[in-house]
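All remarks here apply to the structure that follows.
The residues of the chain are indexed from 1 along the displayed sequence.
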Amino acid sequence: MKKFALIGNPIKHSLSPVLFKAAYPSASGNQEQVQEEPMVYDLVEELSIDKSIARLRQEGYCGANVTAPFKESAMRFVTDPDPVSKTLGATNLILLKGDRIFSYNTDYLAVRRMVREYKTGLSESDAPEDVAALVIGCAGAGKAAALACRDEGLETLIINRTQKKAETFADQIKVKAINIAEADSMLKKTDGRFLVIYAIPAPDGVFSEVLKSCSQTGQEMTCNNPDSRITVIEANYKDPCLNPETGLRWLKYQAVESFRLMTGIAPNESRFQ
């Protein structure tokens with residue numbers, strides 16, 4: 001039996017076990033292939049990353065998804081990071097093989113997919129290079145989103161409550177850090193398109209108000225309107241600021257990639273509902 005888990009705190013209401021248990025029996029439509037070795041997916045909730053990793057090892061887990069607040073601290077235990085998680089200094093998926101721990105970042109893969117979908121929906125007059133991606137937050141999810149936007153060819157801007165952290169990471173990946181006032185002014189301009197990625201837990205007073213001010217300015221600036229010059233993607237699907245559907249899509253896309261890395265099987269995406 002292969003054992004996988006989600007680690008983080010708090011995680012009692014996570015949808016991850018539901019997603020994985022629904023997907024596993026039908027992965028690739030090959031019942032025999034996947035049922036040769038049953039899979040278990042649990043919640044492992046501890047107060048520290050040290051205790052979480054210790055439990056995974058002691059209880060024989062093959063790997064785990066990693067959520068807040070451990071996406072960055074989990075890297076202390078990683079022996080074999082992939083290039084993305086190494087660049088980010090953050091992981092949301094670890095695989096345990098003997099004494100080695102391998103890390104990946106499926107938030108990055110999920111956001112790249114969402115950005116590609118966004119670019120596909122642009123009109124011919126809106127080239128991707130004319131779109132600025134504004135990433136709000138510079139923890140694990142925010143870093144992944146910023147790198148994904150950069151790698152998809154968008155001008156990428158990062159804002160964070162701790163400005164120095166945003167500046168340090170922005171310098172590392174060669175994008176720009178701006179402050180909240182600059183972001184607010186930029187979003188209220190009358191020209192240009194913005195992809196806003198809200199990559200922090202909601203509600204958050206300062207950042208929420210920046211986005212909500214966009215939706216109250218008029219039809220042209222309504223964030224939920226797909227034809228608007230401002231499009232919002234949110235990481236938080238439980239308590240979103242404006243756009244809950246995108247949080248669920250982000251969760252699904254990163255789960256699809258996590259499942260593939262954990263099992264070596266391409267899942268039937270229709271099961272991730």
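Going from atom OG1 of Thr156 over to atom CD1 of Ile173 covers 6.5 Å, rounded to the nearest 0.5 Å. Leu261 CG to Phe102 CZ: the interatomic distance, rounded to the nearest 0.5 Å, is 12.0 Å. Put simply, CG on Leu88 and OH on Tyr108 are 8.5 Å apart, with the number rounded to the nearest 0.5 Å. Rounded to the nearest 0.5 angstrom, Glu45 CD and Lys12 NZ are separated by 3.5 Å. Separating the CD1 atom in Ile159 from the CG atom in Leu134 is a distance of 5.0 Å, to the nearest 0.5 Å. Rounded to the nearest 0.5 Å, atoms CZ (Arg193) and OH (Tyr118) are 5.5 Å apart.
Within the 3.5 Å criterion, the main-chain N or O of Ala90 finds no donor-acceptor partner in the side chain of Ser85. In this structure, Gln254 contributes its side chain and Ala110 its backbone to no donor-acceptor pair below 3.5 Å. In this structure, the side chain of Arg55 does not engage the main chain of Val44 through any donor-acceptor pair within 3.5 Å. No donor-acceptor distance shorter than 3.5 angstrom exists from the side chain of Lys143 to the backbone of Glu72, with no hydrogens or angles considered. Judged by distance alone, with hydrogens and angles left aside, the side-chain atoms of Ser185 form no donor-acceptor pair with the main-chain N or O of Ala181 at under 3.5 Å. Distance alone, capped at 3.5 Å, is enough to place a donor-acceptor pair between the Thr246 side chain and the Glu234 backbone. Side-chain N or O atoms of Asp107 include none that pairs as donor or acceptor with a backbone N or O of Ala144 at under 3.5 Å. In this structure, Glu182 contributes its side chain and Ala177 its backbone to no donor-acceptor pair below 3.5 Å.
When the side-chain contact (heavy atoms from CB on, under 4.5 Å) test is applied to Leu248, the partners found at least two apart in sequence or on another chain are Leu15, Tyr237.
You'll find the side chain of Asn105 stays beyond 4.5 Å of the side chain of Leu147, heavy atoms only. Looking at Lys2 and Thr263, their side chains never come closer than 4.5 Å, going by heavy atoms from C-beta outward.
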Practice task
Take Asn92 and Thr106 through the test side-chain hydrogen bond (donor to acceptor under 3.5 Å, both in side chains) and record every step on the way to the result.
Solution key: CA-CA 7 Å; Asn92 71 335; Thr106 62; 2.9 Å; yes

Practice task
Let me see the working for Phe169 and Val175 under side-chain contact (heavy atoms from CB on, under 4.5 Å), right down to the final yes or no.
Solution key: CA-CA 8 Å; Phe169 183 66; Val175 298; 5.8 Å; no

Practice task
Mind running side-chain contact (heavy atoms from CB on, under 4.5 Å) on Ile101 and Arg57 for me, showing each step along the way?
Solution key: CA-CA 10 Å; Ile101 296 182; Arg57 283 175 164 155; 3.4 Å; yes

Handout entry: side-chain contact (heavy atoms from CB on, under 4.5 Å) between Tyr104 and Val84, intermediate numbers included
Key = CA-CA 7 Å; Tyr104 306 89; Val84 172; over 6 Å; no

Handout entry: side-chain contact (heavy atoms from CB on, under 4.5 Å) between Ser14 and Leu43, intermediate numbers included
Key = CA-CA 8 Å; Ser14 171; Leu43 296 178; 4.3 Å; yes

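Across all their heavy atoms, Asn160 and Cys138 have their closest contact at OD1-N, 3.0 Å. Nearest heavy atom pair, residue Gln163 against residue Asn179, reads OE1-CA, 3.8 Å. What you find for Tyr41 and Ala5 is that their closest heavy atoms are OH-O, 3.5 Å. The heavy-atom pair separating Met75 from Pro81 by the smallest distance is CE-CB, 4.0 Å. Minimum interatomic distance between Gly8 and Thr67 (heavy atoms only, all atoms of both residues): CA-CG2, 3.8 Å. Nearest heavy atoms, Gly142 versus Val135: O-CG1, 3.4 Å.
If you chain together hydrophobic residues whose side chains sit under 4.5 Å apart, Tyr198 and Phe194 fall into the same group. Leu93 and Phe70 sit in two unconnected hydrophobic clusters of ILVMFWY residues. Membership requires side-chain heavy atoms under 4.5 Å apart, directly or through other members. Under the 4.5 Å side-chain contact rule for hydrophobic residues, Leu109 and Met262 do not share a cluster. With hydrophobic clusters built from ILVMFWY side chains whose heavy atoms lie under 4.5 angstrom apart, Val196 shares a cluster with Leu157. Residue Tyr61 is not grouped with residue Phe259 when hydrophobic side chains (ILVMFWY) are merged at heavy-atom distances under 4.5 angstrom, including chains of intermediate members.
Checked options Val78, Thr79, Leu95, Val66; the residue passing with Ser103 is Val78 (criterion: side-chain contact (heavy atoms from CB on, under 4.5 Å)).
The number of heavy atoms from other shown groups lying within 6.0 Å of NZ (Lys86) does not exceed 12. Heavy-atom contacts from other residues, nucleotides or ligands closer than 6.0 Å to NZ of Lys3 number more than 12.
A side-chain donor from one of Asn65 and Ser258 sits under 3.5 Å from a side-chain acceptor of the other. Side-chain atoms of Ser52 and Glu46 form no donor-acceptor pair, as typed in the model, at a separation below 3.5 Å.
Remark: Glu117 engages Arg249 in a salt bridge, criterion side-chain N to carboxylate O under 4.0 Å. With respect to the salt-bridge test (charged N to carboxylate O, under 4.0 angstrom), the residues Asp80 and Lys97 do not qualify.
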